[in-house]
Protein chains: 2
Amino acid sequence: MNANSLTIEDAPHTVQSIHDTILERICLLDFHPGQQLKEADLATEFGVSRTPVRDALSRITHLNLIETRNGVGTVVKELPDQKIADVYTTRLELAPLIGTLSTTKITQVHLDKIQDLILRAKNLDDEKSSRSYVLINHELHQLLCDLISNSVLRSFWRQTYYQAASVWYRIADIAGEASILSLVNELTELQTALKNQDLIAVGHIQRIYIGYGYARIQQYLFDSKTK
Amino acid sequence: MNANSLTIEDAPHTVQSIHDTILERICLLDFHPGQQLKEADLATEFGVSRTPVRDALSRITHLNLIETRNGVGTVVKELPDQKIADVYTTRLELAPLIGTLSTTKITQVHLDKIQDLILRAKNLDDEKSSRSYVLINHELHQLLCDLISNSVLRSFWRQTYYQAASVWYRIADIAGEASILSLVNELTELQTALKNQDLIAVGHIQRIYIGYGYARIQQYLFDSKTK
DNA sequence: ACTTCTTAAGCTGTATACAGCTATACTGAT
DNA sequence: ATCAGTATAGCTGTATACAGCTTAAGAAGT
């Protein structure tokens, strides 16, 4: 359940593993926007000095997800509406490229994985399971990255995912049932496309459902500010 | 001529300025692929300790332009052909988005700049002026970035530029006249588009000339390996 | 001459001490 | 009671010492 804290003394934490852990926590909202991240605290948690932690944080800064100010601290950024719009607009354009730029062969492993995700998504409860909702999306993202053969596109797809994730998952908590239904439909359509070895379709499905997700964000987030 | 080394004691170097300087040197081939970058040397040159230099290098690592191995050193990466192909393929797709996702108003400053670049490009000599060729392209890139209003797209456009630049400029040394002629034509077409406030056209022009550049790379770089 | 082991040089990775910046709480005068 | 000024706590930024890894040169045995 909490693999990270259990491995403190098992495996020595590298800069990369610390980077990944912090990034994942930001995505999964364990570190929420506005929260202060203290280098010293993270260092003691991971059992290292501040040096590797600083290194990891420094890289995350490039994703525009945290901001470090001298003398003050490091805080998780609250993305302004315009930045969120930029991320989603770009993501909408990147999605179809997954199909046109990829030549990956879909294997049984992929099919098994999507089947697993569908089953878990169907068991989601409106209340209490927001964590599971997030995890399913997270694993779906990794599955899709595995299908993208162009390394640069994969990198960009990941970057926009990291930037979009925390906003998107916050909305899911509010939207509840609508988000869950949408996810089940998305997974089912993806399964069909994968069975047909149709990566072009995968790209377009992504494009469609990112559009739905963005619509929910505009509805629940942006609208609530203008009232 | 050598502004960087002159400012050693003028302004205190920040991590950001060190990062930018090293990155620019890699792009402009002052640091060529395969070259070893020693943290200690860079530190003494910039008049700081290894700590900020390490920070800067660590961020550049994420652009896949350098590689640091423990006990060995930091070397400028020689991108394999497949990676170059990935960069250019993605860049071809991003180019049209410059037009469709931007709403920037073109000002007289932009027009003056492109006029300046055209004059300088027309004065390029086949021999001896490869440095000027690189600088004109570099400034053109900054001009285009200034036109991209979507912050995420701008970031991605920059990233692909950094990754493509060193390969592209190495080819220009070989191709010589062909590259220069192509640049003059590109700048002239861009000037027309800018005068018409037509960012869509700007995007398509970029798309076209990136294609030409990639064709030259395939001709001079990839072909020479298969003989 | 050749192979193998040892050793040393040179680099990056990490820990730690300290300098510098910022926000806040507190003090004192008005 | 209010406000200006000051002291202080707590954070990040930097310098430095040292540990650990890698490579290559050289010595010793065959």
Side-chain angles (χ1 to χ4, degrees), chain A residues 4-5 7-23 25-26 30-78, chain B residues 4-5 7-23 25-26 30-78:
Chain A
N4 293 319
S5 59
T7 53
I8 284 181
E9 289 185 315
D10 294 8
H13 283 282
T14 67
V15 171
Q16 187 62 46
S17 76
I18 295 171
H19 170 272
D20 293 345
T21 302
I22 296 175
L23 191 54
R25 288 187 189 173
I26 294 175
D30 294 330
F31 292 156
H32 56 81
Q35 181 170 348
Q36 186 180 191
L37 307 180
K38 299 173 193 173
E39 296 174 357
D41 289 356
L42 291 168
T44 54
E45 179 193 337
F46 291 119
V48 295
S49 79
R50 275 179 55 214
T51 309
V53 174
R54 276 183 63 78
D55 201 345
L57 288 175
S58 166
R59 296 183 192 181
I60 296 177
T61 303
H62 260 210
L63 283 173
N64 202 33
L65 290 174
I66 61 176
E67 188 172 17
T68 297
R69 282 194 305 163
N70 186 7
V72 181
T74 305
V75 295
V76 181
K77 268 198 183 178
E78 185 116 34
Chain B
N4 292 319
S5 57
T7 55
I8 284 181
E9 287 183 317
D10 293 9
H13 284 281
T14 67
V15 171
Q16 187 62 46
S17 76
I18 295 171
H19 170 272
D20 293 345
T21 302
I22 296 176
L23 191 54
R25 288 188 189 174
I26 294 175
D30 294 328
F31 292 156
H32 56 81
Q35 182 170 347
Q36 186 179 192
L37 307 180
K38 298 174 193 173
E39 296 175 357
D41 290 355
L42 291 168
T44 55
E45 179 193 336
F46 291 119
V48 295
S49 78
R50 275 179 55 214
T51 310
V53 174
R54 277 182 63 78
D55 201 343
L57 288 175
S58 167
R59 295 184 193 181
I60 297 177
T61 303
H62 260 210
L63 282 173
N64 203 32
L65 289 175
I66 60 177
E67 187 171 19
T68 297
R69 284 193 305 163
N70 186 7
V72 181
T74 304
V75 295
V76 181
K77 269 198 185 180
E78 185 117 36

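Letters go in sequence order (proteins before strands), and every chain restarts at 1. Every heavy atom of this structure was used, including side-chain atoms; hydrogens, water molecules and symmetry mates were not.
Between Asp55(B) and Thr51(B) the shortest side-chain heavy-atom distance does not fall below 4.5 Å. Between Glu78(B) and Glu67(B) the shortest side-chain heavy-atom distance does not fall below 4.5 Å. Residues His19(A) and His62(B) are in side-chain contact: their nearest non-hydrogen atoms beyond the backbone lie under 4.5 Å apart. Residues Leu65(A) and Leu23(A) are in side-chain contact: their nearest non-hydrogen atoms beyond the backbone lie under 4.5 Å apart. At least one side-chain heavy atom of Thr21(A) sits under 4.5 Å from a side-chain heavy atom of Phe46(A). Contact of the Lys77(A) side chain with the Ile66(A) side chain is not registered, since no non-hydrogen atoms from C-beta on lie closer than 4.5 Å.
Distances from the side chain of Asn70(B) to the nucleotides dT12(C), dT12(D), dA15(C) place dT12(C) closest. Here dC11(C) is the nucleotide among dG13(C), dC11(C), dC18(C) with the atom lying nearest to any side-chain atom of Lys38(B). Residue Arg54(A) has its side chain nearest to dG13(D) when only dT14(C), dA15(D), dG13(D) are considered. For Val72(B), the listed nucleotide lying nearest its side chain is dT23(D); candidates were dT16(D), dA23(C), dT23(D). For Glu39(A), the listed nucleotide lying nearest its side chain is dT12(D); candidates were dC11(D), dT14(D), dT12(D). Across dT14(D), dA15(C), dC11(D), the shortest atom-to-atom separation from the side chain of Pro52(A) is found for dA15(C).
Nearest-nucleotide positions on DNA chain C for Thr14(A) and Gln36(B) put Gln36(B) closer to the 5' end. Both Gly71(B) and Thr51(B) lie near DNA chain D, and the one whose nearest nucleotide falls closer to the 5' end is Thr51(B).
Look at CG on Asp41(A): it is 12 Å from P on dG10(D), rounded to the nearest Å. In this structure, His13(B) places its NE2 atom 13 Å from P of dT14(D), rounding to the nearest Å. Between Asp55(B) atom CG and dT14(D) atom P there is a gap of 8 Å when expressed in whole angstrom units. Separating the CG atom of Leu42(B) from the C1' atom of dG10(C) is a distance of 16 Å, rounded to the nearest angstrom. Distance Glu67(A) CD to dC11(D) C1': 15 Å, rounded to the nearest Å. Note: CZ (Arg59(B)) to C1' (dG13(D)) measures 12 Å, nearest angstrom. dG13(C) atom P lies 16 Å from atom NE2 of His19(A), rounded to whole Å. When the P atom of dC18(C) is taken as reference, atom CZ of Arg50(A) falls 14 Å away, rounded to whole Å.
Considering only side-chain N and O atoms, Ser49(B) lies under 4.0 angstrom from the phosphate OP1 or OP2 of dA15(D). Side-chain N/O atoms of Thr74(A) include one lying less than 4.0 angstrom from OP1 or OP2 on dT12(D).
When heavy atoms are screened at a 4.0 angstrom cut-off, Arg69(B) is found touching the sugar-phosphate backbone but no base atom. Heavy atoms of Thr68(A) sit under 4.0 angstrom from primed sugar atoms or phosphate atoms, though from no base atom. Residue Leu57(B) is classed as having no contact, given no heavy-atom separation below 4.0 Å to the nucleic acid.
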